[in-house]
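Report on the structure given below.
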Amino acid sequence: MIDIELIRQQPELVKAGMIKRNMQPALIDKARSLDSRRRELLVDVETLKAERNKASKEIGASKDKTAREEKIAAMRAVGDRIDALDSELAAVDAQLDELMATLPNVVEDRVPAGGEEANVVVKEWGDKPKFDFVPKAHWDLGPQLGIINFDQGVALTGSRFYVLSGAGARLQRAIISWMLDLHIRQGYTEKYTPFLVRSETLFGAGQLPRFAENLYKDHEEDLYMIPTAEVPLTGLHMGEILDEADLPRRYTAYSPCFRREKMSAGRDVRGIKRGHQFDKVEMYKFCTPEDSVAEFEQMMADAEATAQGLGLPYRVILKGAGDTSEAAHISFDIEAWAAGCGEWLEVSSISRVGDYQARRAAIRYRPKGGKGTRFVHTINGSGLALPRVMIAILENNQQADGSVRVPKVLAPWMGGVDVIRAEK
RNA sequence: GGAGGGAUGGCCGAGUGGCUUAAGGCGGCGGUCUUGAAAACCGUUGUGGGUGGCAACACCCACCGGGGGUUCGAAUCCCUCUCCCUCCGCCA
């Protein structure tokens with residue numbers, strides 16, 4: 001949620017942001033007119049309520065029966081007018097809230113206007129591997145090694161599901177453990193959260209109402225399966241007022257993620273690139289506005305360290321406004337090179353969210369010495385999405401005989417397996 | 001699943017229709033005392049919104065788990081939902 005005050009004071013700035021994202025700037029004018037109508041109604045209804053409060057107090061204190069009866073009758077009429085104005089106000093409030101809930105965050109100046117086509121490569125790291133044979137794609141390599149079984153996933157659940165087996169399952173678990181331990185060393189506190197959350201929690205993180213159709217829902221209980229650990233991590237301090245001394249808070253969490261992928265139906269259908277269920281290790285920070293740029297840059301470095309540690313060549317992308325998360329001021333993606341399918345795969349997205357989520361989830365802090373409360377700033381980033389990391393490792397580290405070298409850092413979790421060979 | 005009891009400010013906790021502008025305590029902040037600190041004492045201390053003001057601030061409205069209702073007036077009465085606790089049952 002953006003600050004209504006920003007819309008009042010600098011509507012043109014907010015509109016410019018909408019235009020950069022290819023969205024309708026007229027929505028800002030709509031918000032302004034609803035806001036001013038709301039304030040007119042508030043003045044009227046609050047004046048009447050003040051009158052009623054005063055009279056009610058007098059009624060309570062009065063001993064004169066006739067005077068009491070007269071006042072009660074008069075207040076009955078005032079009460080009716082209050083009811084009428086209140087319901088009109090509630091209608092305006094509901095419209096304004098609904099609109100505000102859908103407005104995206106204002107992007108930074110350096111974010112290019114336009115959608116995905118406007119994305120800019122800002123950095124490349126590592127060398128693409130060279131082969132003296134034709135490298136295979138993981139959808140061939142995985143089944144040949146016996147570590148990815150697509151048929152079983154389809155039989156169990158349906159398309160875009162798969163089963164990992166033996167060294168494949170172990171490799172994924174090793175990456176998760178290594179990443180969590182790395183993030184802990186980087187100063188994050190590990191969290192294990194529910195993977196089912198209420199709608200309020202999703203609203204706080206900005207997933208609802210916009211992504212409703214992309215979420216799996218238990219209709220009986222009004223619970224949703226999380227699309228990312230960012231959701232429960234945002235919710236950890238929902239409704240709280242933190243002390244400045246407690247900031248920054250840096251969390252990391254492993255979780256499975258569930259997405260219907262309705263919006264990208266038909267894309268990336270081969271292999272394990274875009275399943276309905278995937279695992280991810282997430283990083284999340286709550287900090288003061290003053291610290292948020294530095295904490296964001298540090299998280300970028302922390303995410304890059306995971307790709308570097310695994311020896312994955314990657315590039316960093318500054319996302320175009322239309323492709324930037326609606327909650328974010330700015331987002332960078334980390335894309336790992338996958339030699340077999342010959343693609344850059346998005347393995348991480350790091351976003352500086354400002355107070356957008358904090359407003360929605362009511363997460364504030366008390367500034368040291370200062371008065372009142374301020375909204376915290378939040379930052380989120382994936383410490384790499386597992387299936388795509390698996391793809392990059394398998395495809396980049398494959399050898400002529402079809403075996404795959406395991407990155408050295410994973411050794412402690414691989415039980416001595418340094419090369420994955422075809423399973424019997 | 002069954003029965004009962006709860007949810008009050010940063011925290012604990014009183015409060016069953018108008019003397020509550022939510023008692024009291026803890027914590028926080030300021031002060032007195034002290035070489036300094038502790039203790040003691042005094043004062044102060046919620047959130048959101050609106051109006052006016054350059055501003056410090058002033059005034060008003062709302063908020064006692066969420067939503068709805070009764071009433072001139074609700075923390076208090078009624079309905080409903082959520083969550084927590086105790087006991088029983090069932091299951092891992």
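In what follows, every chain begins at residue 1, and chains take the letters A, B, ... in the order their sequences are listed. Quick caveat: nothing in here was measured; it's all calculated off a predicted structure.
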- Between C72(B), G50(B), G46(B), which nucleotide gets closest to the side-chain atoms of Arg366(A)? G46(B)

- Item | Closest to the Ala50(A) side chain, choosing from G73(B), C60(B), G50(B) | C60(B)

- Item | Atom-to-atom span, CG of Asp80(A) to P of U71(B) - whole angstrom | 10 Å

- Of the nucleotides G18(B), G50(B), A62(B), which one has an atom closest to the side chain of Ser56(A)? G18(B)

- Task: Please give the nucleotide sitting opposite C91(B) as a Watson-Crick or G-U wobble pair, both distances under 3.5 Å, or none.
- Result: none

- Query: What is the nucleic acid contact for Lys71(A), judged by heavy atoms within less than 4.0 Å: base, sugar-phosphate only, or nothing?
  - Reply: nothing

- Query: Is the distance from OP1 or OP2 of G48(B) to the nearest side-chain N or O of Thr373(A) less than 4.0 Å?
  - Reply: yes

- With both distances under 3.5 Å as the test, what is the Watson-Crick or G-U wobble partner of C59(B)? G50(B)

- Message: I need the CG-C1' distance between Asp44(A) and G49(B), as an integer number of Å.
- Response: 16 Å

- What about the rings of His237(A) and Tyr251(A), do their centers lie closer together than 6.0 Å? yes

- Query: Within the structure, does a side-chain N or O atom of Arg39(A) lie under 4.0 Å from either OP1 or OP2 of U51(B)?
  - Reply: yes

- Pairwise side-chain contact, Ile2(A) with Asp355(A), heavy-atom cut-off 4.5 Å (strictly under): no

- Message: With nearest nucleotide decided by heavy atoms, which residue, Glu51(A) or Val43(A), maps closer to the 5′ end of RNA chain B?
- Response: Val43(A)

- Task: Grab the CD1-C1' distance between Ile241(A) and G9(B) for me, whole Å please.
- Result: 10 Å

- Message: Could you tell me the Watson-Crick or G-U partner of G24(B), where both distances fall under 3.5 Å? Say none if there is no partner.
- Response: C12(B)

- Between atom CG in Asp35(A) and atom P in G49(B), what is the gap in whole Å? 12 Å

- Please give, in whole Å, the distance from A62(B) C1' to Leu89(A) CG? 11 Å

- Item | Length of the CD-C1' vector between Glu46(A) and A58(B), whole Å | 16 Å

- Rounding to the closest angstrom, what is the interatomic distance between A39(B) and G27(B) at atom P? 8 Å

- Message: Need one value for Ile59(A): base, sugar-phosphate or nothing, where a base atom within 4.0 Å counts as base even if backbone is also close, heavy atoms only.
- Response: base

- Is a side-chain donor-acceptor pair under 3.5 Å present for Arg260(A) with Tyr216(A)? no

- Task: Just name whichever nucleotide pairs with U86(B), Watson-Crick or G-U, keeping both distances under 3.5 Å, else none.
- Result: A3(B)

- Message: Mind checking if Ala55(A) touches a base, just sugar-phosphate, or nothing, with heavy atoms under 4.0 Å?
- Response: nothing

- Task: Pick the P atom in C59(B) and in A22(B), then give their distance to the nearest Å.
- Result: 15 Å

- Taking for Ile4(A) and for Lys49(A) the nucleotide of RNA chain B with the nearest heavy atom, the one nearer the 5' end belongs to Ile4(A)

- With heavy atoms under 4.0 Å as the rule, sort Asn53(A) into base, sugar-phosphate or nothing. sugar-phosphate

- Would you kindly say whether Thr234(A) and Tyr284(A) are connected by a side-chain donor-acceptor distance under 3.5 Å? yes

- Euclidean distance for P, G48(B) against C42(B) (whole angstrom): 31 Å

- Message: Do Leu236(A) and Lys191(A) make a side-chain contact, defined as non-hydrogen atoms from C-beta onward lying under 4.5 Å apart?
- Response: yes

- Between G15(B) and G73(B), how far apart are the P atoms? Round to whole Å, please. 27 Å

- Message: Please determine whether a side-chain nitrogen or oxygen atom of Arg52(A) lies at a distance below 4.0 Å from atom OP1 or OP2 of C72(B).
- Response: no

- Message: I'd like the C1' distance from A14(B) over to U71(B), given in whole Å.
- Response: 26 Å

- Pairwise C1' distance for A75(B) and G1(B), with rounding to whole Å: 33 Å

- Message: Applying the Watson-Crick and G-U wobble criteria at under 3.5 Å, what pairs with G18(B)? Answer none if nothing qualifies.
- Response: C72(B)

- Query: Of all the nucleotides listed (U51(B), G49(B), U82(B)), which has the minimum atom distance to the side chain of Arg198(A)?
  - Reply: U82(B)

- Message: What is the distance, to the nearest angstrom, from the CG atom on Leu85(A) to the C1' atom on C61(B)?
- Response: 13 Å

- Same-atom distance (P) from G4(B) to C19(B), integer angstrom: 34 Å

- Query: Hey, are Asp333(A) and Ser349(A) close enough side-chain-wise for a donor-acceptor pair under 3.5 Å?
  - Reply: yes

- Task: Mind calculating the distance between CG (Leu41(A)) and C1' (C61(B)) to the nearest angstrom?
- Result: 14 Å

- Query: Side chains of Glu395(A) and His138(A): do they bring a donor and an acceptor to under 3.5 Å?
  - Reply: yes

- Between A55(B) and G36(B), how far is it from one P atom to the other, in whole Å? 41 Å

- Task: Name the pairing partner of C64(B), where a pair is Watson-Crick or G-U wobble with both distances under 3.5 Å, or state none.
- Result: none

- Message: What contact category does Arg8(A) fall into here, base, sugar-phosphate, or nothing, at under 4.0 angstrom with non-hydrogen atoms?
- Response: sugar-phosphate

- Are OP1 or OP2 of G48(B) and a side-chain N or O of Arg364(A) less than 4.0 angstrom apart? yes

- Item | For C33(B), the Watson-Crick or wobble partner whose two distances fall under 3.5 Å | none

- Salt bridge check: are Glu295(A) and Arg250(A) linked by an N-O gap of less than 4.0 Å? yes

